[in-house]
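Chain letters run A, B, ... following the sequence lines, proteins first, then strands; residues in each count from 1.
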Amino acid sequence: MEKNKTKTIHEQKINTLDPEKPMFPISVVADILKVHQRTLRIYDDESILTPSRSAKNRRLYSFNDIERGKFIQFMTRDIGINLAGIKIIIHLLKQQKIQPSQYLEYINQAGHDLNILKGN
DNA sequence: TTTCTAACA
DNA sequence: TGTTAGAA
């Protein structure tokens, strides 16, 4: 019937939902974040968003990587901070062990507190 | 066909 | 930031 069924349903479910599992190629992420692939490669070069790599050296982004990407876009587009600033902020968030799923909430609150939000 | 790096506009 | 050449 089903070939290659070497894992239990339970294990497969865990794999599917693991937010750190590298799954998406650069094209998909660029589309989701509405940025050029070039931009994602620059983030990678600058150690701002560093996906893992496949055996063939292709970038593979996880759900958490995409959350980090949304956060980066929010900071660049809505707050107007540059990459040097983003680099520092990400470093601080990491130190404080803030999870990627909370990045947007965290920085949005900070933006309101400081009245530095553009638009919205 | 897609992604890679590097370089140029 | 966007585009492209050439390789893999």
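- With sequence neighbours excluded, the residues satisfying ring-ring contact (aromatic ring centres under 6.0 Å, His included) with A/F24 are A/F63.
- Residues satisfying the salt bridge (Lys or Arg N to Asp or Glu O under 4.0 Å) criterion with A/K70, sequence neighbours excluded, are A/E67.
- One atom, CG of A/L40, and another, C1' of B/dT5, lie 15 Å apart when rounded to the nearest Å.
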Could you give the side-chain donor-acceptor pairs of residues 89-106 of chain A under 3.5 Å, partners two or more places apart or in another chain?
from	atom 1	to	atom 2	distance (Å)
A/Q96	OE1	A/Y106	OH	3.0
A/Q99	NE2	A/K97	O	3.4

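- Applying the salt bridge (Lys or Arg N to Asp or Glu O under 4.0 Å) criterion to A/R59, with sequence neighbours excluded, gives A/D44.
- Under a 4.5 Å side-chain heavy-atom criterion applied to ILVMFWY residues, the cluster that includes A/L60 comprises that residue alone.
- When DNA chain C is scanned in the 5' to 3' direction for atoms under 4.0 Å from non-hydrogen atoms of chain A, the outermost contacting nucleotides are C/dT1 to C/dA8.
- Between A/D65 and A/T50 the shortest heavy-atom distance is OD1-O, 4.4 Å.
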Each nucleotide N or O in nucleotides 2-4 of chain B that has a protein N or O under 3.5 Å away: list the pair and distance.
from	atom 1	to	atom 2	distance (Å)
B/dT3	OP1	A/S27	OG	2.7
B/dT3	OP2	A/S27	OG	3.3
B/dT3	O2	A/R58	NH2	3.0
B/dC4	OP1	A/R59	N	2.6
B/dC4	OP1	A/R59	NE	3.3
B/dC4	OP2	A/R41	NE	3.3
B/dC4	OP2	A/R41	NH2	2.7

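- Scored by the side-chain hydrogen bond (donor to acceptor under 3.5 Å, both in side chains) test, A/E20 finds A/N64 as partners (sequence neighbours excluded).
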For residues 34-41 of chain A, which side-chain N or O atoms pair as donor and acceptor with protein atoms under 3.5 Å away, sequence neighbours left out?
from	atom 1	to	atom 2	distance (Å)
A/Q37	OE1	A/R41	NH2	3.2

